[in-house]
Amino acid sequence: MRLDFPTAPAAAPLIDPFQRRVSYLRVSVTDRCDFRCVYCMAEDMTFLPKADVLSLEELDRLCSAFVGLGVRKLRLTGGEPLVRRNIMALFRALGRHLKTGALDELTVTTNGSQLAKYAGELREAGVKRINVSLDTLDPAKFTTITRWGKLDVVLDGLKAACEAGLAVKINAVALKGVNDDEFDRLIGWCGEEGHDLTLIEVMPMGEIGETRLDQYLPLSLVRNDLEKRWTLEDTDYRTGGPSRYVTIGETGRRLGFITPLTHNFCELCNRVRLTCTGTLYMCLGQDDAADLRAPLRASSDDAVLAAAIREAIARKPKGHDFIIDRRHTTPAVARHMSVTGG
Ligand code: SAM
Ligand code: SF4
């Protein structure tokens, strides 16, 4: 891993055509996963050939170029980021930007299956908070949703994360007829365990072999229902992500809502997404993308890479056009969430 990249932000920050400052990069380090969640992947997925995937050194150089251009928050995601071989080397390498102060936060979104193994190393690399996806506390339902996952493995991982001193936020996708009877239980459990919780509306990304209309549950309805039993206090707490948070009076923990369908959050968008092949998506819900692998491999001059990044940011669109209804049953974008990372 290189240690010599200049970390001082370049004079001009990354500003998009709508005057939004891009300060958050999410990186899908692999499109592979040890689960097959029903809303994310089809059971039978074709993954990228390994030769197309950037090496860990290349990912480090690309992420560091963004840090050099003023990105303050990096989130590694996937696919399942913790199944990529030697991934801790990338966390350790990127952790140097925390030490210099060039980066405010290095974090990860994970399904939790490998946390028991890696929680301590993540904390040592400078990770302080993690997002863990957990849609249900029912073991049978957990295996139905993830197809290949085991709840007790994830719960052991969460225990290890807490012991390592990592703050945990649980992400749960709201699925009609699947976990919509469990939100009270999840809220109560998160209160006991000391985790914040975010509920996410299912997004129409990629063919999954089922229709989204069957899965889609508007969170505006969920919130109205929760308010009958819980005291939801509005807060202006933000994490740099798209969640809108309330504090739950009874537990003292935060509850976030990610509502791309019922409440579009694009006007505050500060982030872009990099795939493991070096393709930069300026919006999760649009197809326009920039290839950064070619400039990365064409030259060891980071100025070439910086120019390509600036050119891409200049094309960042205003927002996504996600719709799920009876007339819109095909995905808004063909790629799966695991390509660009959630
Ligand atoms: N494998 C890791 C995990 O599950 O946390 C990281 C990648 S996963 C693609 C990131 C997040 O995207 C997860 O919280 C997952 O529940 C969410 N997700 C996947 N497909 C989605 C979809 N179609 N709509 C909404 N959220 C989705
Ligand atoms: Fe894997 Fe995460 Fe997608 Fe589930 S949501 S299949 S754990 S990438």
Side-chain angles (χ1 to χ4, degrees), residues 8-28 62-77 102-105 107 109 131 198 200-206 218-220 234-245 256-275 278-296 302-324 328 331-335 337 339-342:
L14 294 170
I15 307 281
D16 81 359
F18 303 94
Q19 300 309 310
R20 295 168 299 190
R21 182 175 175 163
V22 175
S23 56
Y24 182 4
L25 177 69
R26 300 172 83 122
V27 188
S28 175
L62 250 181
C63 292
S64 300
F66 276 93
V67 173
L69 293 170
V71 159
R72 306 285 316 173
K73 175 168 174 176
L74 280 177
R75 176 179 298 279
L76 303 195
T77 173
L103 194 62
D104 293 329
E105 184 166 27
T107 185
T109 300
N131 288 358
T198 293
I200 307 175
E201 280 174 356
V202 76
M203 295 174 230
M205 302 184 63
L219 286 183
S220 46
D234 279 318
T235 113
D236 52 12
Y237 173 79
R238 310 285 311 206
T239 58
S243 244
R244 298 276 191 285
Y245 286 94
F257 296 92
I258 299 189
T259 55
L261 284 301
T262 53
H263 180 267
N264 183 307
F265 42 64
C266 303
E267 74 278 5
L268 294 175
C269 184
N270 61 348
R271 72 210 76 105
V272 288
R273 294 173 155 87
L274 186 69
T275 73
T279 302
L280 187 74
Y281 283 93
M282 285 72 83
C283 173
L284 181 65
Q286 302 284 353
D287 283 324
D288 186 33
D291 173 27
L292 298 180
R293 186 176 57 183
L296 178 83
D302 288 323
V304 175
L305 200 49
I309 293 171
R310 286 195 186 284
E311 192 276 328
I313 299 300
R315 300 197 329 248
K316 185 165 161 60
K318 195 164 180 196
H320 66 71
D321 306 307
F322 288 147
I323 304 179
I324 300 180
H328 301 84
V333 290
R335 63 183 188 280
M337 186 71 105
V339 174
T340 34

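For Pro17 against Ala314, the heavy-atom pair with the smallest separation is CG-O, 3.0 Å. Across all their heavy atoms, Leu103 and Lys73 have their closest contact at CD1-N, 3.7 Å. Pairing each heavy atom of Met282 with each of Asp288, the nearest pair is CE-OD2, 3.6 Å. Minimum interatomic distance between Phe66 and Leu280 (heavy atoms only, all atoms of both residues): CZ-CD1, 3.7 Å. Between Arg310 and Ala12, the shortest heavy-atom distance links the atoms NH2-O, 2.7 Å. Smallest separation of non-hydrogen atoms from Pro295 and Val304: CB-CG1, 4.2 Å.
Under the salt bridge (charged side-chain N to carboxylate O under 4.0 Å, His left out) criterion, Asp236 pairs with no residue at all, not counting sequence neighbours.
Arg20 contributes no side-chain N or O that, together with a main-chain N or O of Arg271, makes up a donor-acceptor pair within less than 3.5 Å. Side-chain N or O atoms of Arg75 include none that pairs as donor or acceptor with a backbone N or O of Val27 at under 3.5 Å.
Taken from CZ in Arg26 to CG in Leu76, the straight-line distance is 11.0 Å, to the nearest 0.5 Å. Put simply, CG on Leu69 and OG on Ser23 are 12.5 Å apart, with the number rounded to the nearest 0.5 Å. A distance of 5.5 Å separates CD of Glu201 from OG1 of Thr259, quoted to the nearest 0.5 Å. From Ser64, atom OG reaches atom CG of Asp302 across 8.5 Å, with rounding to the nearest 0.5 Å. Rounding to the nearest 0.5 Å gives a distance of 9.5 Å between CG of Leu296 and CG of Asp291. Atom CZ of Arg21 is separated from atom CD1 of Ile313 by 12.0 Å, given to the nearest 0.5 angstrom.
Partner Val22 forms a side chain to side chain contact (heavy atoms under 4.5 Å, CB included) with one of Leu14, Ile15, Ile309 and no other, that one being Leu14.
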